[in-house]
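A short worksheet on the structure shown next.
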Amino acid sequence: MIKERIRQMLLEAARAAYEAGELSSADFPPISVEEPKAGAHGDLATNFAMTSASVQKMPPKAIAQAVTDHISDPGGLIEKTEIAGPGFINFFIHPLAWHPILDAIHEKGGAFGANDLGQGQKVQVEFVSANPTGPLHIGHGRGAVVGDTIAALLLFCGYRVDREYYINDAGRQIHTLGKSVYLRCCELSGQSVDFPEDAYQGDYIYEIAKSVLADQEQDILALDAEAAISRCARRAAGEILEGIRADLQGLGVTFDHWYSEQQLYDTGKVQAAIESLFQQGLIYEKDGAKWFTSASFGDEKDRVVVRNNGQTTYFASDIAYHREKYERGYQRIIDVWGADHHGYVPRLTAAISAMGKSPDQFRVILTQLVNLLRQGRPVSMSTRAGKFETLRDVVSEVGRDAARFIFLTRHHESQLDFDLEVAKAQTNDNPVYYVQYVHARIASIRRKAAEEKGIRETTPDAESMARLNEPEEIQLIKQMGRYPETVSAAADLMEPHRIAYYLMDLAALFHAYYNKHKVLTDDPGLSAPRLYLVIAVQKVICNGLHMLGVSAPESM
RNA sequence: GCCCCCGUAGCUCAGUGGAUAGAGCAAUGGAUUCCUAAUCCAUGUGCCGCAGGUUCGAUCCCUGCCGGGGGCACCA
């Protein structure tokens, strides 16, 4: 808010300077006002003079001088300005000018930092979408948390957001799953079976086989093999999906829609999508297969949608699925995938271009892989042997809050080392507690104020607010003032880790303040504004943690 | 061979064109009669992988190379 006012003042000053003949052009580039890294350079600074140099045909320092000479500051916001370096204009803001941020936080509460970037657009975030052929692993957990948090950010920024899970319940993998279960059923009933290597090896297959055998309604072994496999497949996919749903719920992730691939086939939407592309002349036949001309939409080659054996590919149903998404009225579509699918992006983007949708209506977020460690050593993740640490195991070992926070302490396109021991440690290696502790500490102060000190939570008058002038207090307020722009940047760039880092920074400032200054003093005129300050901190911490799906405890 | 991600302090990582590149961990020393020590304070370390280019200005953008990881089906 202060940044915006400075920007306005600069613009008016530039105009005034031009009218006074001190600038040669009224053509001003967009004015950027940033916080300098070094405190000695003031609270805010602009490079306006440098970016205007070529238009004005003047040295940056002369432009800076002309502009600063015409700055009008009736509100007394600015303590002083200076021209420095190659032509920066630095602003030193009056410390008390930051105080309105506190009022905004108290007024808006949980809505502080929200904006209307999305303007009510409908957006769908599709994430996880793991095949229901086995339990979720840690990598799925990362995708789940990143997707969930991106959805939360977009919601906070004025989008109408739906979270969706796409169930790959059609096709070969499901058939393989059914076969795996069926063979285990046979094995458990004493038959000797040849269990193929490409079948699912995990112990969970035995569990499902047992439950199939325990089902009294129908003797699976009496059916012919294909019918039995199909029955096993349905049953297994259903059970596994239930497990996935439960695991995600354990991570605090829930979906608005679970969308079935099989349903796309059952309702003829896959055929319709292929037909539509064919009508557009974008599908041709070659070698007995049907190809989509993805190369003409930026992919490196054309891709098969119907194989020469008549079966459609996964790509075909994905085209149909995304067509369906737009038909459901989503203006923006976001897919969160594991980075191992990155090669798939160009062809789906091609398909979406063929639907006449612009690239900014479709975005794929790729999450890089997670290395699961224990005390710095890799935990074996041998899928072949079917033995691996599941997401469920991890969450139950380290807890939801720590798991979620750790997933968000890296840029999603960086690989992540997830160390189980670190995740459990209650040290600053594990910053979730560091941030939560702020919330708990302030809750404790508030209890103490009410119960022992008899200090009421009020909106202090101007006179007592003026006592909120310690450097640590101003720092805290300034940091809280950064929350709205952090939220909009995180949403815009779909980088939820920015919120996590923001919270760690805010927490550090609070802990330092807490150690240096007492909130509850014998001086009511001082305690009241300080209480007002720390309650604001607590609200912002709570907002941010809530955004990340992490709890904000009253005590620890 | 082609594509994607990464390369920043001893380690793990922030830093979407600005001035003197930051944090945590690790190391050393200190702080608790006082609102929760899961906290704080002090002490220092960098050819921002390399080489070009664009720019008034590059860790950031472009090109090439080097190193690490992942992906390249009429599989999903």
Side-chain angles (χ1 to χ4, degrees), chain A residues 32 34 36-38 40-41 45-47 50-51 53-54 59-60 84-88 90 131 133 168 170-174 176 198 261 286-291 300-301 303-315 317-318 338-346 366-369 371 376 409-417 419 422 425-438 440-449 452-453 455 489 492-493 495 497-498 500-502 504-505 507-508 510-521 527 530-531 534 555-556:
Chain A
S32 149
E34 298 297 334
K37 274 182 278 191
H41 295 139
T46 184
N47 58 2
M50 282 120 80
T51 54
S54 59
F88 289 104
N90 295 336
N131 293 344
T133 53
N168 292 117
R172 217 190 59 174
Q173 287 198 71
I174 291 294
T176 304
D198 65 350
E261 180 186 11
K286 190 181 83 178
D287 304 334
K290 291 195 169 88
W291 300 70
E300 64 184 59
K301 54 178 283 197
R303 306 288 177 176
V304 168
V305 288
V306 183
R307 292 192 270 162
N308 61 11
N309 64 5
Q311 287 184 346
T312 51
T313 60
Y314 178 85
F315 183 38
S317 51
D318 238 5
D340 53 344
H341 287 75
H342 91 270
Y344 203 77
V345 176
L366 298 171
T367 60
Q368 281 290 338
L369 64 85
N371 297 307
T409 52
R410 294 285 179 281
H411 188 283
H412 54 72
E413 284 189 355
S414 295
Q415 294 188 15
L416 167 64
D417 288 337
D419 192 305
V422 172
Q426 299 181 341
T427 67
N428 216 352
D429 251 344
N430 191 13
V432 64
Y433 299 116
Y434 185 76
V435 175
Q436 287 181 316
Y437 191 38
V438 172
R441 271 187 151 172
I442 296 170
S444 170
I445 293 172
R446 296 178 69 173
R447 282 192 298 270
K448 188 123 182 165
E452 293 175 32
K453 302 271 184 175
I455 300 173
D492 192 40
L493 301 167
E495 294 182 346
H497 72 283
R498 287 169 181 271
Y501 279 91
Y502 169 85
M504 291 188 262
D505 290 342
F510 173 78
H511 286 310
Y513 174 63
Y514 179 94
N515 273 277
K516 189 163 178 186
H517 301 287
K518 264 183 91 62
V519 175
L520 306 178
T521 66
S527 301
R530 285 188 173 175
L531 194 56
V534 300
S555 67
M556 287 173 71

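Since this is a predicted model, take the numbers as computed values, not measurements. Order of the sequence lines fixes the chain letters, A, B, ..., with proteins taken first and strands second; residue numbering starts at 1 for each chain.
- Of the residues near RNA chain B, A:Asn430 and A:Ala512, the one whose nearest nucleotide (by heavy atom distance) lies more toward the 5' end is A:Asn430.
- Within the 4.0 angstrom heavy-atom criterion, no nucleotide atom of any strand lies near A:Ala425.
- At a cut-off of 3.5 angstrom, the base of B:A19 holds at least one donor-acceptor pair with the side chain of A:Asn90.
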Using a 4.0 Å heavy-atom cut-off, write out nucleotides 28-34 of chain B from 5' to 3' as B (base contacted by protein), S (sugar-phosphate only) or - (no contact). ------S

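- In this structure, B:U28 forms a base pair with B:A42, meeting either the Watson-Crick or the G-U wobble geometry with both donor-acceptor distances under 3.5 Å.
- Applying the 5.5 angstrom centroid cut-off and the 30 degree plane-angle cut-off, the aromatic ring of A:Phe88 is not stacked upon the base of B:G18.
- Across all strands, A:Ala508 comes closer than 4.0 Å to no nucleic acid atom at all (heavy-atom distances).
- Residues A:Val519 and A:Met50 both approach RNA chain B. Their nearest nucleotides, taken by heavy-atom distance, put A:Met50 toward the 5′ side.
- Proximity of A:Trp291 to A:Val305: side-chain heavy atoms (C-beta onward) are nowhere separated by under 4.5 Å.
- In this structure, CD1 in A:Ile455 is found 6.5 Å from OG1 in A:Thr521, a value given to the nearest 0.5 Å.
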Quick tally for nucleotides 67-74 of chain B: nucleotides whose base has a protein heavy atom under 4.0 Å get B, sugar-phosphate-only ones S, the rest -, giving --SBS--B

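- Distance CZ/A:Arg410 to CD/A:Gln415: 11.5 Å, rounded to 0.5 Å.
- Contact record, A:Asp198 with A:Thr176: O-CG2, 3.5 Å, taken as the closest heavy-atom pair.
- Between the A:Thr46 side chain and the A:Ser32 main chain, a donor and an acceptor come within less than 3.5 Å of each other.
- The shortest non-hydrogen separation linking A:Gln426 to A:Tyr433 is CA-CD1, 3.9 Å.
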